[in-house]
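I have placed the structure first, in the form of structure tokens, so that the comments after it can refer back to it.
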Amino acid sequence: MTLVIGLISGTSVDGIDAALVDISGTDLDIKIELVAGATYPYPADLRERILAVCAGAAISMAQLAELDDAIACTFAQAAQNIQIGHENPTLIGSHGQTVYHKPPSQPITPIGYSLQLGRGESIANQTGITTVSNFRVADIAAGGHGAPLVPRIDAALLSHPQEARCIQNIGGIGNVAYIPVRRDNWLEKIRAWDTGPGNSLLDLAVEHLTNGTKTYDENGSWAASGTPCSPLVEHWLSQDYFYLPPPKSTGRELFGVDYLHQCLQDAQAYQLSPADLLATLTELTVASIVHSYRTFLPQMPQRVLLCGGGSRNLYLKRRLQVLLEPVPVVTTDEVGLSADFKEAIAFAVLAYWRFMGTPGNLPTATGARQEVLLGQIHSPLVVSA
């Protein structure tokens, strides 16, 4: 078995999820054991700087370099912390922090662009552990979106011989992987895409409504005390992105601060209470997921497995169950894979596959022309005596 650390900070910019994972096997025939998992919050000032850049703030090249270094240092510290009390890992897979994502747009920009900060070479030299990073660029160079990258891991760890499943991650942005029954060229039938907003608008709204004293709605309790405004949800669902056919990807560039401000402006006519506003934004996330399934899936799944921070939002989960009835909606915890650290586990697996020479992308998910090796390998410097 190989001990690997997976690191990621998602579009919610909550902090760094770190997973220490034992991995064995090859290609899709792998087994994993989560040895340890933890989330390390960003220092408040660093989080503010990241969010400002994600919202389009202009910075100098010197400031960009400083931000890149600060994120790398924070990731390296997370890697060092998660291994305390355990055997030394042989590999780190670091997704880094996405600060800009521009999907390809045929025929205007046939090659997309995605920027993750937190240099892998810096992490390797701070930790002394070989680090794989910059996972998205190879898929993008092959004409893909560079997202979502987790479906191949979902296929390896969560496919089922009798049950078609949707693996729904709800981070800042929502993304789905449809995994058909594991038989008859099933890998070629996998579909995946970003469904739209996950927690991004909810978190921004909570910060707005509390003047920054809160950053999220714990368990969805505040939203649960309100009533969704159906006409507003229907209006917001007319957004062009929801009707683009997969493969497709999005981010805070679309569902970020400017989008929330437009939502707040739209809501003024309905005189919503703060709880009603949060309930309505939650309903947008839920409705966009359901609309995506009913519009683009070859068939509805037999089970939905939730993961990511949004899987802990009990109100969101309950609303999703109501709208997807009779399809059961549970978390990946219930099938043996941590819902909290699934994304970090995934980048540990991608690093493992990169080292083994195994492609990490699925062209049916990202739109790439072919399978490619994902990630750039950075070895720590060896200082001679």
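All figures in this text were calculated on a predicted structure; none of them were measured in a lab.
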Any side-chain heavy atom of Phe355 sitting closer than 4.5 Å to one from Thr90? no
Starting from the C-alpha separation in whole Å, work towards a yes-or-no answer on salt bridge (Lys or Arg N to Asp or Glu O under 4.0 Å) for Asp340 and Arg312. CA-CA 9 Å; Asp340 292 329; Arg312 303 307 182 198; 2.8 Å; yes
Test your reading of the model: is there a side-chain donor-acceptor pair from Asn169 to the backbone of Asn175, 3.5 Å cut-off? no
Return the minimal non-hydrogen interatomic distance between Ala177 and Asp154, and the atom names on each side. CB-OD2, 3.5 Å
Note: Ala348 and Val21 closest approach over all heavy atoms is CB-CG2, 4.0 Å
Answer yes when Arg152 and Asp27 have at least one side-chain N-carboxylate O distance shorter than 4.0 Å, and no when they do not. yes
State, with a plain yes or no, whether a side-chain heavy atom of Ile173 is found less than 4.5 Å away from one of Ser200. yes
Measuring from Leu350:CG to Ile345:CD1, what's the distance to the nearest 0.5 Å? 12.0 Å
Asp17 side-chain N/O to Thr39 backbone N/O, donor-acceptor pair under 3.5 Å: no
Would you kindly say whether Gln77 and Asn81 are connected by a side-chain donor-acceptor distance under 3.5 Å? yes
The reported gap from OH in Tyr259 to CD in Gln239 (rounded to nearest 0.5 angstrom) is 5.0 Å
Whether the side chain of Glu253 engages the backbone of Cys54 through a donor-acceptor N/O pair (distance < 3.5 Å, no angle test) should be reported. no
Between Ser159 and Trp186, a side-chain donor and acceptor under 3.5 Å: no
Joint hydrophobic cluster, Ile5 plus Tyr352, side-chain heavy atoms closer than 4.5 Å: no
Is the shortest distance from a Lys or Arg side-chain nitrogen in Lys248 or Asp194 to a carboxylate oxygen in the other one below 4.0 Å? no
Per the side-chain hydrogen bond (donor to acceptor under 3.5 Å, both in side chains) rule, which among Arg303, Gln302, Arg182 passes with Glu163? Arg303
Test your reading of the model: is there a side-chain donor-acceptor pair from Asn361 to the backbone of Val372, 3.5 Å cut-off? yes
Decide if atom CD of Glu87 counts as having more than 12 heavy atoms of other residues, nucleotides or ligands within a radius under 6.0 Å. no
Exam field: side chain Thr366 to backbone Gly146, donor-acceptor pair closer than 3.5 Å: no
What pair of heavy atoms forms the shortest contact from Arg369 to Ala141, and how long is it? NH2-O, 3.3 Å
Assess, by modelled atom type and distance only, whether the side chains of Ser114 and His101 contain a donor and an acceptor separated by less than 3.5 Å. yes
Interatomic distance, Leu284 atom CG to His291 atom NE2 [nearest 0.5 angstrom]: 11.5 Å
With Phe242, the ring-ring contact (aromatic ring centres under 6.0 Å, His included) member among Phe255, Trp193, Phe296: Phe255
Closest non-hydrogen atoms of Cys166 and Leu297, given as atom of the first, atom of the second and distance, are SG-CD1, 3.7 Å
Greater than 12 external heavy atoms within 6.0 Å of Tyr113's OH: no
Any side-chain heavy-atom pair of Leu316 and Leu306 under 4.5 Å: no
Is there side-chain contact between His145 and Pro104, with heavy atoms separated by less than 4.5 Å? yes
Do you know which two heavy atoms are closest between Ser311 and Ala339, and how far apart they sit? OG-CB, 3.9 Å
Hey, are the side chains of Pro380 and Thr130 touching, using non-hydrogen atoms and a 4.5 Å cut-off? yes
Cluster overlap Val132 with Leu115, hydrophobic side-chain contacts below 4.5 Å: no
Is the shortest distance from a Lys or Arg side-chain nitrogen in Asp184 or Lys189 to a carboxylate oxygen in the other one below 4.0 Å? no
Can you list the steps and then say if Thr215 with Asp203 is a side chain to side chain donor-acceptor pair (under 3.5 Å)? CA-CA 6 Å; Thr215 58; Asp203 293 348; over 6 Å; no
Does Leu7 reach the side chain of Ile92, with side-chain heavy atoms less than 4.5 Å apart? yes
Flag the pair Leu374 / Asp139 as yes when at least one side-chain heavy-atom distance between them is below 4.5 Å, and no otherwise. yes
Counting only N and O atoms by type, is there a donor-acceptor contact under 3.5 Å from the side chain of Gln262 to the main-chain atoms of Asp258? no
So, for Ile123 and Ser94, which heavy atoms are closest and what is the spacing to 0.1 Å? CD1-OG, 3.5 Å
Indicate, with yes or no, if Tyr100 and Met61 share a hydrophobic cluster defined by side-chain heavy-atom contacts under 4.5 Å among Ile, Leu, Val, Met, Phe, Trp and Tyr. yes
Donor-acceptor pair, side chain of Arg47 and main chain of Gly15, under 3.5 angstrom: no
Distance-only side-chain donor-acceptor flag, Tyr293 / Gln168, under 3.5 Å: yes
Nearest-0.5 Å distance that lies between atom CG in Leu232 and atom CG in Leu237: 11.0 Å
Sub-3.5 Å donor-acceptor pair from the side chain of Asp22 to the main-chain atoms of Glu33, do we have one? no
Distance-only donor-acceptor check, side chains Asn125 and Glu121, under 3.5 Å: no
Between Ser230 and Glu234, do the side chains contain a donor N or O and an acceptor N or O under 3.5 Å apart? no
Is the shortest side-chain heavy-atom distance between Leu323 and Glu283 below 4.5 Å? yes
Hydrophobic cluster identity match, Val53 and Leu204, side-chain contacts under 4.5 Å: no
Ser12 (side chain) donor-acceptor with Asp14 (main chain) under 3.5 angstrom: no
Look only at the side chain of Thr11 and the backbone of Gly172, and say whether a donor-acceptor pair between them is shorter than 3.5 Å. yes
Hphob cluster co-occupancy, Leu281 + Tyr270, side-chain heavy atoms under 4.5 angstrom: yes
Below 30° counts as parallel, above 60° as perpendicular, anything between as tilted: where do the rings of Phe75 and Tyr42 land? tilted
